[in-house]
Structures are given as C-alpha cells and as structure tokens.
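Worksheet: one structure, shown below.
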Amino acid sequence: MSVRVRIAPSPTGNLHIGTARTAVFNWLFARHHGGQFILRVEDTDLERSRPEFTQNITEGLQWLGLQWDEGPFFQSDRMDLYKQNVQTLLDKGLAYRCYVTEAELNDLRASQEAQKLAPRYDNRHRDLTPEQEAAFQAEGREPVIRFKIDDHRNIVWKDMVRGTVSWNGSDLGGDMVIARRAPADQIGQPLYNFVVVVDDVDMGITHVIRGEDHVANTAKQLLLYEALGAKVPEFSHTPLILSPTGKKLSKRDGVTSISDFQKMGYVPVALANYMSLLGWTPTDSTQERFTLEEAAKEFDFERVNKAGAKFDWDKLNWLNSQYLHEMAAAELTDLLIPYWQAAGYEVDGESDRPWLEQIATLIGPSLERLDQVGEMCRYLFDPELDYTEDAIAHLQKDGVADVLKAVAAALPNAALTTVDEAKALIKDITKSTGAKKGLIMKSLRAGLTCALKGPDLVESWLLLHQKGLDTVRLEKAIALGQPQHGGD
RNA sequence: GGUGCCGUAGGCAAAUAGGUAAAGCCACAUGACUUUCAAUCAUGUGUUUGCGGGUUCAAAUCCCGUCGGCACCUCCA
C-alpha cells in the first residue's frame, strides 16, 4: 500500500515554524516513499479560525517548496461525516450524552486540585437512565457527547521515532468529549481528537507524523480507531523545536511564523534545509547543506532524534548566507529589489537593472540576509547620508582634504567605468599629491562612502560614479575637512 | 499533583545488533588575504557522554536509582 501522509495545520495563526518543520518531515517521508502528501485544514474551531491564516499557511508551504498532492481539505466542509461517526459511536453504546455543566466541571477540577489529584472527569454521567436524562433536559441542560475510556485499558503502540510507547487508560482524563454542547436531539460541533481520527481514516492516512506534543492524544485516538473499527496507521512523534531558553517555541519567542522569516530575507531553500536538520541527520552527517529533494532520497525516521532541538539563529544565518553567496546576480537582484524599495530607495527594476545587478554582484558574497541590504547599500542610494564619526575624524586629518580635492579636480575629465580606470586614476593621484596609497584609499573610502568600512572601495566608487554621487560626496567631504571655528 | 518523553562540549549533532568517544557543522579565538568590514582560507580552545550505582572482558549505548529539562492533563488544535 502506498504511503499517504498529511499536514494538518489549524488556521488560528500564521504558519508556525513548528508546523512547517512537521510539514517538511511529512513531505520528505512521502517523497521518499513515492507517496502522497495531503493538506488538511483543521478549522473545527470556528471561532478562532480565519481565512487569512489559511492563506498564510498555504502560501508559506508553497514558498518553502512543500507542494501537497491532495487538498486542501477543510474540516468545516465535512461536518456531516463527523456527525455520522459520532452517531455510530452513540448507536454502539461507546459514547453517551453528558449533562454536566461547565460550572460543575470547574468545581470538580478545583477539588481535585485541592487534593493534589490529577484533573479528570469522573465519568459521572456515563450510565444515566432515560429518566435522569429527561430530568436534566427538563432543567434546560444541554449535553456534550463523551466517548467512553476504559480506565483499565493499557494502550501500546510502536512509535517510529520513540519506539514502544504505552499508556494507561486511567491517565487519559476520563471519558473524552468528542462533540460540543448542543440540544439533546442533536449532535454538537465535533472536536479535534475525534475528527482527526475520522479524517485520517477517511483519507486513508498510513503514517501520522506530528509533533511530540501529540503523544498523549495518540493514546486516546487509538481507542477511537478501535471503536470505529478502523485500521490503525503508524505514528511518529517528532521532537519539538525549542526556544533558546529550552521551551517549546511559541509566538512569544518573537519570530516564529514562516512569513516573518520570509520578510527577514531568508531564502526558502535555506530555511527548509535548516528545518530538516532540526532533529534529523543524513547518513553522511558531514553533509549538512542539501535541498529537500536530496534529503528525500534518504529520509528515514530511524535517523530522527528524540530530544528537542533548540533553534539556533547563528546556524540558520550561516546556512542562509551560503545560499546567498552562491546565488546568480540576476536571481539575487530579483530578490533584493523589494528590500531596496522597502528601505525607501527609489529603484526602477527596469531602467536601474544593470546598476542593481552590479550591486548584487558586489555585496552578494558577503550577504547573510536579504533585509540587510537596506543598511548595507545606504551609501549607494542616499545622497543625504551622514558621515560616521570615525569617517569625519579621518576627513579632518592633515592632508586628507588635499587628496580629496585632487580627486575632485580630476573627476570631471576622468573615465570611470572599469576597475582598471579607477585604479589608474588613484595612481595618478598618488603621484600628484605624493600621499601614500593607504592614506588615499582610506580618505576616498571615508569621503565617498561616509564610513571607514564597507564593500570593496573601487567597485563602490564605480557604482557611485554612475549616479554622479561621487562628486557630491567629495564636495561634502572636503567641506567637512576644513578647519572648524571654535573646534579643537 | 499525575502521566509520558528526553539529557553527548555554548548550539545542532555523529558514534544504531555494547567494543573502548566527542567526527562534522554553527558559534568563539588566532593567523592569512584586502584599502577597511564582511566573505573566504588555515589553525586552535572546548574532554570522558546530567549524576550515582549495577550487569559485562568491555556501556554514551542494557538495568536500577537520582537530579534536571520539556510536553501533555480544554466542551483548543
């Protein structure tokens, strides 16, 4: 039988890095086995689910290259199927209506907490007589539907990453609610743990791959498979992604949604590569850079770790930089244009293209994230850019202004389109001023780029020259170099 | 409070029928290169697998205990 797996995000927020990593593992597993990867949107929580989150999730998955083969299916479209199955359990006597109110439940939990007991439902309405039910209904109480959980059952499964996992029925919190409160002649809104099983059965899911935070649910769900007379899939619970403090990574930890990573200028291949490394290692563990396709060839849960992995920004940044460094200028330019524009520079993707590609070529090899280009390239775009303190200090040193004046004087008649031409000009200045090359270079850097450090100076100068910015800067720099009245 | 899981250097990790450890990557430090920063290249620091017992000729790998961390215990997913 061919492998069928699914990613089942809930549209109650943007695509989370943890969900995305689970999607990566599912995708990898499906591709490895030539199976199907299914997208199912778990929107049974009508109040919290929002269409814009669904869109964020599907866009994020596609951006990462995790294309699904079937779906998206929406649970909100499948309510009848769930309710039919609830009815089946009711008919079989495996589920029942429970009239306990929320207030009563709260009291129960409070007293359990006071006695330092584990919170659980005491199954008090499991065996109500028709008369008792009628009485509750007469009171105006509406029931939820609970699935019976045998306290004496021992539930065991072989987890693909965790090995044998076993659970006692008594540790499952009592009979579980599978449908929300509704009038007694109806079936209320079916709940997560139940619909997941119905869907996984209905969609023929063969392997349930999800985060470790679902292990306890698995025990409950196994009982549901049994009650529904369905074939049980394989399970694998992957380690969680932890924040730097060691807790499950949540929204509170700052950037956690894929769209945020995208905005920050991570490229999808790098992010996908990094996510697959979080808990999984290729057979050749020295090979850490790979595409999803390459990873799929050998993906295997035998090599998935059990311990949670802390999210490491340094390593993600490094991986991202590696992809950026070797990216072709044309492609990099396409990616960079929105970031330049976001930084407020007026660039025209058409007319400025050659200039922009030259910039991309210059800075690409030292770029870590796309969103760094705003600051990194400011000296190339902003005519009003202020000089840094150390640049000003340098410009005010003896002899520096003279050098810059010489350059400014030579500029109108100089050809400055190639590195060689620029170097020749610098050589001329060296001769005419008698200044050392080191001083000239440093002075030019300070005068031209407003800072003492940055990308290659000669290349930068050429770029500046194309926009006539070098002349402007030189004048300003020379003015800054004049002795100031009252200064020290 | 209960249940479950996990624990190799700052981080990710390798070492899978127990075979005598910390490979590789990130970070960090130093050097080289360069007009500077970054990148790149080279070199280096980090040491006995949370801890304590046990089994064994041999244990990171098995057993017991202990400590710590995390997850779950919703009419959320």
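Proteins come first, then strands; the chains are lettered A, B, ... in the order of their sequence lines, and each starts at number 1.
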Scan every strand shown for a Watson-Crick or G-U wobble partner of B/U3, both distances under 3.5 Å, and answer none if you come up empty.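 Partner of B/U3: B/A71.
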Have a look at [X] and say if it touches a base, only the backbone sugar-phosphate, or nothing, with a 4.0 Å heavy-atom cut-off.
X: A/Gly279; answer: sugar-phosphate
X: A/Asn168; answer: nothing
X: A/Asp456; answer: base

Check whether the side chain of [X] and the base of [N] form a donor-acceptor pair under 3.5 Å.
X: A/Ser285; N: B/A23; result: yes
X: A/Glu288; N: B/G24; result: yes
X: A/Lys315; N: B/C25; result: yes
X: A/Arg48; N: B/C76; result: yes

Within 45° of the axis and under 6.0 Å from the centre of the six-membered ring of A/Phe25, does NZ or CZ of A/Arg21 qualify?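 Here A/Arg21 passes the 6.0 Å and 45° test against A/Phe25.
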Is NZ or CZ of A/Arg289 both nearer than 6.0 Å to the six-membered ring centre of A/Tyr323 and within 45° of the ring axis? yes
Expressed in angstrom and rounded to an integer, what is the separation of A/Glu212 atom CD from B/G4 atom C1'?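 So the two atoms are 9 Å apart, to the nearest Å.
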In residues 418-436 of chain A, which residues come under 4.0 Å of RNA chain B by heavy atom? none
What parts of residues 191-198 of chain A reach RNA chain B, counting only heavy atoms under 4.0 Å away? A/Leu191, A/Tyr192
